[in-house]
Participant: 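One structure follows; several queries about it will come next.
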Amino acid sequence: MNSSLLSGLNPEQRQAITLPHQSALILAGAGSGKTRVLTTRIAYLISNGAVSPHGILAVTFTNKAAKEMVTRLTAMLPINTRGMWIGTFHGLCNRMLRAHFREANLPQAFQILDSGDQLSAIKRLMKAMNVDGEKFPPREMQSFISSSKEQGLRANEVEAYDPYTRRKVEVFAEYDTQCQREGVVDFSELLLRCYELLSRNAAIREHYQERFKHILVDEFQDTNKLQYQWLRLLAGKNNSLFAVGDDDQSIYAFRGANVGNMQELTRDFHVQNVIKLEQNYRSHGNILDAANALISNNRNRLGKNLWTSENGGELLRVYEAATDVDEAAFIVDEIRQLKSEGINLKEIALLYRSNAQSRVLEHALVSAGLSYRVYGGLRFFERQEIKHTLAYLRLMQNTDDDNALLRIINFPTRGIGARSIEQLQEAAKQNNTVLFDTAARAGGKISAFVALIESLRDATRELPLPEIIDHVLEHSGLTAHYQNETGVKKREAEERLENMNELVNAATLFVHENEDDSLTSFLTHASLEAGEHQAGDQDDALHLMTVHSAKGLEFHTVFITGLEDGLFPHQNSQREDGGLDEERRLMYVAITRARRRLYLSFAQSRMLHGQVSYGMVSSFLRELPDGLLHWITPRVTAQNSYTLSPALSHQGRGGAASEAYVYSPLSPERERGGGEGAARQSPWRIGQRVFHQKFGEGVIVGVESSGADARVQVNFKRAGSKWLALEYAKLTAV
DNA sequence: CGCACGTGGTTTTTT
DNA sequence: ACCACGTGCG
């Protein structure tokens with residue numbers, strides 16, 4: 001049994017999997033078989049009789065990762081994973097809180113606020129408290145509350161030495177009171193409340209400590225302070241905490257992840273030896289060498305060098321485009337070529353730093369007829385029509401849920417205007433009750449709404465879940481509302497109706513897959529697993545996504561696009577402490593996604609925030625060893641680039657400060673790019689120095705040609721930026 | 001009440 | 001360029 005589990009593993013993997021009952025930190029590099037080690041260890045422990053499935057707690061960050069773990073485990077062991085505690089931090093905390101709702105001081109059917117719900121709850125509260133939304137942006141308030149909780153701090157524990165922070169703390173405190181009154185918890189509350197439950201209630205804590213002999217954590221570098229505290233509490237003094245992570249892939253510090261947890265773990269749990277998994281099974285040598293060279297520029301690493309037994313493979317292909325459009329065109333050409341060589345589209349990924357960059361790429365792909373999938377869009381359970389439907393269901397179940405009530409009291413519109421709602425809120429505040437109870441005592445349209453909710457609840461009491469939803473859709477007026485849409489909104493409404501129908505399907509599926517098929521359980525599922533819920537995994541389509549969402553994935557070919565300073569590394573990162581290092585880790589993650597071929601591209605100019613901006617090649621590209629790169633376009637060097645003063649290169653509104661920009665000139669041998677049509681052969685290229693009778697000396701920074709009306713944008717030393725029609729302007733190249 | 005228009009902001013994201 | 005949000009009018 002054991003021998004088959006352990007076959008094909010390298011010594012370090014084997015060592016990690018078979019460690020005795022002790023805490024351990026596994027430093028697992030990209031592509032080193034991290035998930036395999038984690039799941040195999042669980043299988044090993046169980047099959048060995050060291051622990052029963054009952055005694056395992058395995059934690060991940062995403063539902064996807066949790067699902068993957070369960071799938072692999074069932075393939076290895078003939079066990080029922082249902083009773084096992086494998087899930088996300090939030091999912092597991094939810095499970096514990098449901099089991100001990102009384103001790104946690106929560107209603108049995110407490111509901112979970114997602115980020116959107118939380119934001120509207122905060123806005124509502126701020127209005128009621130008369131907090132100036134200008135001085136205290138609700139989003140900032142939201143992140144203040146969440147990050148405080150993720151530090152393990154309640155409002156009364158947050159240090160506030162200035163009136164501004166004190167006000168924020170007041171809102172924080174009041175917000176928690178409001179949530180408690182309404183019987184809802186937000187994401188970070190799930191964790192904090194569970195942590196408090198365990199730390200305050202010795203009986204419960206000891207019960208779980210007794211039970212979970214082995215705790216395993218995936219992507220440990222992404223844990224925040226509270227998550228680590230929670231793990232420590234559960235592990236107690238005697239249990240084993242087996243953490244797998246990679247400090248070089250820590251890319252979520254911006255949302256509170258604390259890589260320092262890795263060092264703290266080794267201290268707190270007296271980890272004897274950190275096991276390093278350094279053999280990479282994913283990428284060819286040159287790709288790995290590039291990744292290693294790049295990441296070696298980071299300070300404060302735990303230290304680890306990935307190696308592979310594969311040969312060097314291809315060089316990394318570097319392309320300098322004139323514009324973002326040109327970059328996209330190049331990528332399309334290359335993809336066509338790859339396709340003709342038999343590479344499946346789904347084996348190719350286009351990565352970018354920020355979502356806005358997908359647009360140009362998508363446009364080029366559509367024109368080329370290449371199918372693609374963009375990741376990270378609006379999630380299924382976050383769609384407006386779905387949220388509305390869920391709000392009816394929530395309110396039916398828990399009339400204390402003011403958030404839900406406010407969302408639907410006038411949707412579909414039933415003549416309850418803003419004024420009436422305001423009055424209702426005031427009355428509720430006076431009576432110190434939730435909105436629903438006050439509404440029940442009102443008259444007219446408002447009490448009709450109350451009657452509607454009650455009749456929905458009564459009529460569906462005995463129905464199975466999918467039929468409950470179906471009934472609500474029909475009788476709330478939602479279906480009718482979207483059916484009645486006409487004109488430009490017709491298409492959109494049809495899609496929404498489809499989604500509502502899909503919600504019924506999702507409920508049907510949920511009932512089949514879950515023992516607990518109650519409405520509460522389904523609503524929890526909806527909040528906690530907002531869900532990929534995207535069909536088409538089997539389709540052969542390109543993957544378009546941010547570098548962040550690419551973590552954990554791998555592809556035959558990867559295009560890393562937009563490698564320009566200011567974009568990647570991102571401008572805003574340079575303000576933050578350690579920001580550049582995190583960007584570099586992000587680049588490291590991007591590079592290590594590629595198995596066989598890697599493209600690195602950048603553009604001299606791109607459309608950003610509605611105006612053309614000019615960037616220079618990313619410093620990260622310059623950190624890669626020359627010998628690993630194959631420049632498709634002539635190599636950029638420091639000597640042949642121009643520097644423009646900020647005053648000349650910027651003409652945006654608002655007078656925001658801008659950096660100096662460097663342009664690398666296009667050389668004549670360049671095979672591709674240089675814009676469209678006329679610009680390709682003409683001397684009017686970006687970077688060309690020109691002279692104009694009236695404006696004097698300048699540099700071409702933009703070229704636009706549609707047939708005869710070719711125009712160039714020139715930054716003149718004296719006169720600033722001008723668009724000139726080539727037909728009329730007397731320009732001379734210098 | 002609901003639409004039309006103006007304004008401001010715009011890194012990354014899971015739960 | 002694009003989207004989300006707020007204000008003012010019919």
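Each chain gets a letter, A, B and so on, in the order its sequence line appears, and its residues count up from 1. Values below: all heavy atoms of this structure, side chains included; hydrogens, waters and symmetry mates excluded. These numbers come from a predicted model, not from an experiment.
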Participant: Side chains of A:Asn298 and A:Tyr588: donor-acceptor distance under 3.5 Å anywhere?
Facilitator: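 Note: A:Asn298 and A:Tyr588 side chains miss the donor-acceptor criterion.
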Participant: Among the nucleotides B:dT14, C:dC3, B:dT11, which one has an atom lying closest to any side-chain atom of A:Thr62?
Facilitator: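 Nearest listed nucleotide: B:dT14.
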Participant: Give me the distance, rounded to whole Å, that separates C:dG6 from B:dT11 when you measure between the C1' atoms they each carry.
Facilitator: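 About 25 Å, rounded to a whole number of Å.
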Participant: For A:Leu580 and B:dT11, what is the distance between atoms CG and C1' respectively, to the nearest whole Å?
Facilitator: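 About 14 Å, once rounded to whole Å.
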Participant: Starting from P on B:dG2, measure out to CD1 on A:Ile421 and report it in whole angstrom.
Facilitator: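 In whole Å, B:dG2 P lies 10 Å from A:Ile421 CD1.
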Participant: Any side-chain N or O of A:Thr413 below 4.0 angstrom from OP1/OP2 of B:dG2?
Facilitator: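 Yes, within the criterion.
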Participant: Does B:dT15 have OP1 or OP2 under 4.0 Å away from a side-chain N or O of A:Asn63?
Facilitator: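 Looking at the OP1 and OP2 atoms of B:dT15, one of them is under 4.0 Å from a side-chain N or O of A:Asn63.
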Participant: Could you tell me whether the side-chain ring of A:His90 sits stacked on the base of B:dT15, using a centroid cut-off under 5.5 Å and a plane angle under 30°?
Facilitator: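 Answer is no, no stack.
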Participant: On the nucleotide B:dT13, are OP1 or OP2 found under 4.0 Å from the side-chain N or O atoms that A:Asn355 carries?
Facilitator: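 For B:dT13, OP1/OP2 do have a side-chain N/O of A:Asn355 under 4.0 Å.
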Participant: Whole-Å distance between C:dC3 P and A:Arg359 CZ?
Facilitator: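 Taking CZ of A:Arg359 and P of C:dC3, I get 5 Å after rounding.
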Participant: Please state how far atom CG in A:Asp186 lies from atom C1' in B:dT14, giving the value in whole angstrom units.
Facilitator: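 Nearest whole value for this atom pair: 14 Å.
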Participant: In terms of the nearest nucleotide of DNA chain B, which residue is placed more toward the 5' end: A:Ser420 or A:Asn572?
Facilitator: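 Nearest-nucleotide comparison on DNA chain B picks A:Ser420.
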Participant: Taking the cut-offs as 6.0 angstrom to the six-membered ring centre and 45 degrees off its axis, would you call A:Arg255 and A:Tyr252 a cation-pi pair?
Facilitator: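 Positive - A:Arg255 is close enough to the ring of A:Tyr252 and near enough to its axis.
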Participant: Rounded to whole Å, how long is the line connecting atom CZ of A:Arg95 with atom C1' of B:dT15?
Facilitator: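 In whole Å, B:dT15 C1' and A:Arg95 CZ are 17 Å from each other.
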Participant: Which class fits the ring pair A:Phe89 and A:Trp230: parallel under 30°, tilted 30 to 60°, perpendicular over 60°?
Facilitator: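 It falls in the perpendicular class, over 60°.
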Participant: Applying a 4.0 Å non-hydrogen cut-off, can you work out what A:Glu576 is touching in the nucleic acid: base, sugar-phosphate, or nothing?
Facilitator: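 The answer is base, as A:Glu576 lies within the cut-off (heavy atoms under 4.0 Å) of a base atom.
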Participant: If you assign each of A:Phe89 and A:Glu583 to its closest nucleotide in DNA chain B, which residue comes earlier from the 5' end?
Facilitator: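 The residue closer to the strand's 5' end, by nearest nucleotide, is A:Glu583.
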Participant: So A:Leu351, base contact, sugar-phosphate only, or nothing? Heavy-atom distance under 4.0 Å.
Facilitator: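 Since no nucleic acid heavy atom lies under 4.0 Å of A:Leu351, the category is nothing.
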Participant: Report yes or no: do A:Arg98 and A:Thr524 form a side-chain donor-acceptor pair below 3.5 Å?
Facilitator: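 Checked: A:Arg98/A:Thr524 side chains pair up, N/O donor to acceptor below 3.5 Å.
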Participant: Please classify the nucleic acid contact of A:Ser188 as base, sugar-phosphate, or nothing, using heavy-atom distances under 4.0 Å.
Facilitator: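 Nothing, no nucleic acid heavy atom in range.
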Participant: Between B:dT14 atom P and A:Leu113 atom CG, what is the distance in whole Å?
Facilitator: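 Distance check: A:Leu113 CG to B:dT14 P gives 19 Å.
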Participant: For B:dT14, does OP1 or OP2 lie under 4.0 Å from any side-chain N or O of A:Arg379?
Facilitator: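 Checking B:dT14 against A:Arg379, a side-chain N or O does come within under 4.0 Å of OP1 or OP2.
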Participant: Assess whether a salt bridge exists between A:Lys34 and A:Asp218, defined as any Lys/Arg side-chain N lying under 4.0 Å from an Asp/Glu carboxylate O.
Facilitator: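 Salt bridge: yes.
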Participant: Can you confirm whether A:Lys149 sits close enough to A:Phe144 that some side-chain heavy atom of one is under 4.5 Å from a side-chain heavy atom of the other?
Facilitator: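 The answer is no; the side chains never approach within 4.5 Å.
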Participant: Within the structure shown, what part of the strands sits under 4.0 Å from A:Phe254 by heavy-atom distance: base, sugar-phosphate, or nothing?
Facilitator: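 The answer is base, as A:Phe254 lies within the cut-off (heavy atoms under 4.0 Å) of a base atom.
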Participant: Describe the nucleic acid contact of A:Tyr252 in one word from base, sugar-phosphate, nothing, applying a heavy-atom distance below 4.0 Å.
Facilitator: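 Here A:Tyr252 touches the backbone only, sparing every base.
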Participant: Is A:Thr546 close enough to B:dT11 that one of its side-chain N or O atoms is under 4.0 Å from OP1 or OP2 there?
Facilitator: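 No.
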Participant: Output the rounded distance in Å from CD (A:Glu582) to C1' (B:dT11).
Facilitator: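 So the two atoms are 11 Å apart, to the nearest Å.
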Participant: Between B:dT11 atom C1' and A:Arg353 atom CZ, what is the distance in whole Å?
Facilitator: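 Rounded to whole Å, this separation is 4 Å.
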Participant: At under 4.0 Å between heavy atoms, what does A:Asn410 touch on the DNA or RNA strands: base, sugar-phosphate, or nothing?
Facilitator: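 Here A:Asn410 touches the backbone only, sparing every base.
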Participant: Can you see if the side chain of A:Ser115 gets near the phosphate of B:dT14 - specifically, an N or O under 4.0 Å from OP1 or OP2?
Facilitator: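 No, because none of the side-chain N or O atoms of A:Ser115 sits under 4.0 Å from OP1 or OP2 of B:dT14.
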Participant: When rounded to the nearest Å, what value does the distance between C1' atoms of B:dT14 and C:dC3 take?
Facilitator: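 Going atom to atom, C1' in each nucleotide, I get 23 Å.
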